[in-house]
Each structure stands twice: as structure tokens, then as C-alpha cells.
J.: 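Input: one structure, supplied below.
Since this is a predicted model, take the numbers as computed values, not measurements. The basis for the numbers below is simple: all heavy atoms, side chains too, and nothing from hydrogens, waters or symmetry mates.
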Amino acid sequence: MPELPEVETVRRGLTRLVGHAQITSVDVYYEKMVSPEANQFKKMLAGKTIERIDRRGKYLLFRFNDDLTMVSHLRMEGKYDVQPAGNPITKHTHVVFHLADDRDLRYTDTRKFGRMHLLKTGEEAELVAGLKKMGPEPTAETLSVAYMKTIFGKSKKAIKPFLLDQSNIAGLGNIYVDETLWLSRIHPEQPANTIPEFQIRQLRANIIAEIKRAIDGHGTTVHSFSTAYGEAGEFQNHLMVYGRKGEPCFRCGTPIEKTKVAQRGTHFCPDCQALRKNPGETMVLGLTGGIATGKSAVSDLFKAYQIPVIDADKIARKVVAPGTTGLKQIQSTFGWQMIQPDGSLDRHALGTLVFSQPEALAQLNGITGPLIKKAVKRQLQGYRRRKVPLVIYDAPTLFEAHQAAVVNEIMVVTVPEQVQLERLMARDQLPKKEALDRISAQLSLAEKVKRADVVIDNRHSVDKTKAQVVRWLNEAGFGSLMTDKAK
DNA sequence: CAACTTCCCTGCGCGC
DNA sequence: TGCGCGCAGGGAAGTT
């Protein structure tokens with residue numbers, strides 16, 4: 001089912017194959033497919049030469065000499081191919097263009113949904129309904145944030161059918177809509193006019209990037225997520241949600257659901273794409289990285305711009321402070337040996353225990369995990385109420401602790417493995433073996449990078465890292481948050 | 001006008 | 001193995 005990238009791939013291929021070919025005659029086997037009526041259609045094309053092939057949305061525009069244009073839509077299964085003249089046609093060949101160089105350009109279409117309209121060049125924009133209403137092409141130059149904000153604000157329609165409507169944005173079909181909504185963490189039934197600006201910006205960036213990736217990949221999208229969550233073997237299907245009903249979400253592991261939205265089969269992750277009754281304007285950026293990759297330096301950059309940072313480590317300490325239910329649960333689970341004489345947690349004793357016994361670590365996480373999640377949620381609620389535009393959630397184990405679904409976007413700070421090892425050995429005065437043990441105790445840096453929405457490369461100077469953070473702030477629409485003092 | 005529904009088609013997977 | 005049913009899908013046209 002061709003969507004814009006596939007149609008663009010077809011356009012390029014045809015340009016190469018028949019870009020300047022001359023048509024001698026045309027056979028039409030399924031008359032409803034063409035307009036004007038078949039005999040007229042054949043007569044008009046005989047002797048014409050293809051000068052160029054254009055594309056608008058999912059429409060192909062064959063430009064002939066004498067100001068003639070053929071508007072062709074492949075719909076579901078339409079295909080063009082070029083064969084030597086005289087090759088027998090197949091069951092589903094509906095139109096054959098005989099070329100002057102003893103080749104045939106053939107159109108096949110099992111479901112006969114495709115259509116071809118022949119008209120005077122320049123009139124197609126008025127006479128073909130789909131072209132007349134066609135929205136902007138999904139590229140950085142043609143699809144602006146301002147335009148998207150305007151059209152989103154005017155429609156109560158669910159975002160899924162809204163994006164499928166070619167008059168809003170050109171070229172998106174069922175697959176790319178599901179994919180870009182997943183990438184942007186937006187529920188397919190979220191009304192367009194309830195989507196906050198930061199998500200419109202994310203969606204725009206994802207649509208543009210996804211379409212570009214697919215065009216560069218000749219009509220297929222290639223993502224680099226590997227075998228997260230126990231999927232065996234090489235990841236062959238390059239789609240993140242489409243056709244993955246029941247399989248784990250690559251971001252959070254929750255099974256992908258398939259429902260019907262506006263009569264269309266729709267795939268989404270119920271956990272990271274929650275339907276929001278009152279979506280706030282607060283964007284939550286999850287910040288994570290590997291041990292000693294320099295995540296805290298990036299965190300400090302945000303703080304310097306007065307952007308609030310929720311520190312997961314700090315919260316983790318708070319929920320087991322003296323007098324908390326968290327500490328009481330640790331005491332009743334692991335015994336009084338875990339409590340120091342002054343009533344505080346004996347981190348060393350607990351650390352020794354959980355490092356040697358995996359079940360103990362799971363038990364500990366079972367106690368602290370929910371408490372941390374609750375505390376984070378409460379803090380976020382406060383920021384949302386105050387309509388703070390951007391909050392950073394600084395969490396070293398964002399993925400491991402299954403917290404990825406609470407954020408709107410994930411930033412991963414990374415360095416090459418060798419640099420990570422050297423920095424860790426130097427920082428914590430560790431021998432190589434111990435440093436390696438600590439690194440391998442975490443989800444691998446490569447895997448974190450794969451699951452990131454944005455990656456900060458921290459191998460070079462502070463200035464270079466800062467430039468990347470500033471760039472992200474500007475692109476995400478938070479440029480105005482950077483105060484002059486901090487700049 | 002917005003928001004639905006129907007129609008156009010064929011192959012395929014499913015249940016019996 | 002075979003038969004019928006329902007579903008898939010983009011976009012236009014028709015209906016509420």
C-alpha cells in the first residue's frame with residue numbers, strides 16, 4: 001500500500017526508466033480506470049512524449065509535451081513496471097502504454113482502485129478534487145509549526161483521521177500515522193485541538209524525519225531498535241507499532257494494542273500513548289545515560305537555565321529516609337541489620353546484600369519503585385498546575401526502572417565505551433575489572449541510545465555538549481527559556 | 001461545514 | 001479439501 005515515500009520511490013524509478021519515452025499507443029483493459037473515456041484517453045496519448053514525472057502527495061503527475069498531464073493515483077496496490085514489448089499481460093494488467101523503443105509501460109492493480117486522469121497541464125489542481133484540497137508536503141520547508149498549530153486548533157477530530165486527511169498534511173497513510181503517533185507518544189483518539197504545542201512540534205519533527213527516512217530507504221522505514229524485551233533474532237520488521245499487535249512496545253514493553261479508530265485498523269501502545277483528558281502544556285524530558293557518561297553535567301546545564309530538574313536519585317533517598325514507610329518496609333523485609341544506630345538506612349549493608357542476591361534486589365525495587373513513581377508523579381502534578389513549560393526528569397535508570405512512559409521525550413547522554421571506562425576508573429578510583437562490572441550491571445549504553453529520541457554526545461568539550469543541549473532547546477521550541485545570564 | 005458512512009475491488013485467512 | 005464470510009485499504013461521494 002503505497003504512501004508518500006513509496007510513491008516518491010516509484011516516481012524516481014519511472015523517471016530513470018521512462019523519463020523521456022515516447023508513447024506510440026495505449027491499451028486499456030479496464031475502462032473505469034481512466035478518464036476521459038478510454039477511446040479519447042488512448043487518442044490523446046498516442047505520439048506523446050513524457051517530459052517529466054512529478055509527485056504531489058500520493059499522486060503521480062506524468063507531464064507530456066503539448067501541455068498534457070496524466071494524474072495517476074496508485075491507491076492500494078497499483079504498480080507500474082516496464083517490460084519488453086509483447087510480453088504477455090497478467091490477469092491484473094489494466095493499462096499498457098506501448099513505447100517507441102519496443103518497451104511497454106504497464107499498470108497493474110489487483111483491486112482496481114487506482115485511477116488515471118488525463119487533462120491539460122495546470123488544470124489538474126482545479127479538476128482533481130484530491131489535488132485541489134491537498135495539504136502541504138511533509139518536509140521541513142513546507143510544513144511549518146505555525147500552520148500545524150492553526151489547523152490543529154480548529155479541529156476536534158481524533159488525531160488519527162485528522163492526519164489521514166490529505167487536506168491537512170499530504171502523503172500520510174495508515175502506517176506512517178500509527179508510526180509517527182507512537183514516536184510522539186500521542187493517543188490516536190486524542191482530539192487534535194487538545195494536543196499541546198510541544199507535542200505538535202514533536203509530531204511535526206517525527207513526520208518529517210520518518211518520511212525522509214522512508215524516502216532515503218526507498219519506501220521502507222529502518223529503525224535501529226534491537227532485540228529489546230526478549231525478541232529473538234534480528235529485527236526484520238522495521239515498523240515500531242504497525243502490525244505488532246500483542247508484541248511488546250519497544251519503549252516500555254507493554255503489549256501493543258490494535259483497535260479501530262475512524263474505521264481504520266490502529267496500532268498503539270496503551271502505556272506510552274495515554275489518552276489525556278486535560279493535556280497540560282508541560283513537557284517532561286527524561287534525561288538518562290550510562291554511568292560516568294556525564295549526565296549530571298547536562299542536568300546542570302538545564303539548571304543553569306532555571307529549568308526545573310527532578311532528581312530521581314534524590315527522590316530514591318527521600319523515600320527511605322528515617323521515619324518513612326519505605327524504611328519501615330525495608331526493615332521488616334530485610335531485618336534490623338539494615339538500620340544504623342541513628343535510625344537511618346545502612347546503605348553499605350543493603351548494597352552488599354542486593355548486589356549478591358538478585359531476588360533481594362527485586363524485592364528492594366518492589367518496595368522503592370512504586371514509592372519513587374508516586375513521588376515523581378506528585379512533583380510533576382505541581383509543575384503542571386503551575387504551567388511550567390519544561391521539566392527535566394533526571395533518572396539514571398529510566399529504562400531499567402520502567403519509567404520511560406512517564407516522560408514525553410527521552411534524552412540520552414553518551415560517550416564511546418572506552419571513554420566511559422576511563423572516566424569511571426578515574427572518577428571513582430576503580431581498577432579496570434570493577435569499573436567494567438559496574439558498566440555491565442546497567443542496560444548497555446548502545447541499547448539506551450537506540451531507545452533515545454535525542455542523543456547528546458558528551459565525548460568532547462563542555463562547550464560542544466552545551467551547544468547540543470541549546471540546539472535541542474531551540475528545536476523543541478524552548479529557546480525563550482534560555483535567559484541572557486545563562487547564555 | 002464537520003463528521004460519518006458507503007462504495008469501489010480482490011485476495012486471503014478463518015471457521016465450519 | 002472446499003465454501004462462504006468478513007476484512008483490508010485511500011479517497012471520493014453521499015448522508016446526517
J.: If you compare every side-chain N and O of A/H73 against the phosphate oxygens of C/dG10 (OP1, OP2), does one of them come in below 4.0 Å?
T.: no
J.: Is there a side-chain contact between A/V406 and A/V284 in this structure, where contact means two heavy atoms from C-beta onward sitting under 4.5 Å apart?
T.: no
J.: Does any residue of residues 186-197 of chain A have a heavy atom under 4.0 Å from DNA chain C, and if so, which ones, in number order?
T.: none
J.: So what is the end-to-end bend of the helix from B/dA2-C/dT16 to B/dC16-C/dG2, with 5 pairs used at each end and the value given to 10 degrees?
T.: 50°
J.: Between which nucleotides of DNA chain B, read 5' to 3', does contact with chain A run, using atoms under 4.0 Å from its heavy atoms?
T.: B/dA3 to B/dG11
J.: Verify the contact: side-chain N or O of A/Y176 to OP1 or OP2 of C/dG10, cut-off strictly under 4.0 Å; return yes or no.
T.: no
J.: Counting only side-chain nitrogens and oxygens, does A/Q166 get under 4.0 Å of the OP1 or OP2 atom of C/dG10?
T.: no
J.: Kindly give the heavy-atom pair with the smallest separation between A/N206 and A/S184, and that separation in Å.
T.: ND2-OG, 2.8 Å
J.: Side chains of A/N193 and A/S155: do they bring a donor and an acceptor to under 3.5 Å?
T.: no
J.: Under the rule for side chain to side chain contact (heavy atoms under 4.5 Å, CB included), what residues qualify as partners of A/P308, not counting sequence neighbours?
T.: A/Y383, A/V388, A/V391
J.: When you measure from the centre of the six-membered ring of A/W182, is the NZ or CZ of A/R244 closer than 6.0 Å and no more than 45° off the axis?
T.: no
J.: Assign the ring pair A/Y59 / A/H73 to parallel, tilted or perpendicular, where the plane angle (0 to 90°) is split at 30° and 60°.
T.: perpendicular
J.: If you round to the nearest 0.5 Å, how far is CD of A/E141 from CD of A/E137?
T.: 11.0 Å
J.: By a strict heavy-atom criterion of less than 4.0 Å, which residues belonging to residues 108-133 of chain A are in contact with DNA chain C?
T.: A/R111, A/F113, A/G130
J.: Between A/L473 and A/Y305, is any pair of side-chain heavy atoms under 4.5 Å apart?
T.: yes
J.: Using side-chain hydrogen bond (donor to acceptor under 3.5 Å, both in side chains) as the criterion, list what pairs up with A/K160, not counting sequence neighbours.
T.: A/N174, A/D178, A/T266
J.: Keeping A/Q273 on the side-chain end and A/C269 on the backbone end, is there a donor-acceptor pair under 3.5 Å?
T.: yes
J.: How would you label the contact of A/K91 with the nucleic acid (heavy atoms, under 4.0 Å): base, sugar-phosphate, or nothing?
T.: sugar-phosphate
J.: Kindly indicate whether the side chain of A/Q166, heavy atoms from C-beta on, has any atom under 4.5 Å from the side chain of A/K58.
T.: yes
J.: Just call it for A/F162: base, sugar-phosphate, or nothing, with non-hydrogen atoms closer than 4.0 Å on any strand.
T.: nothing
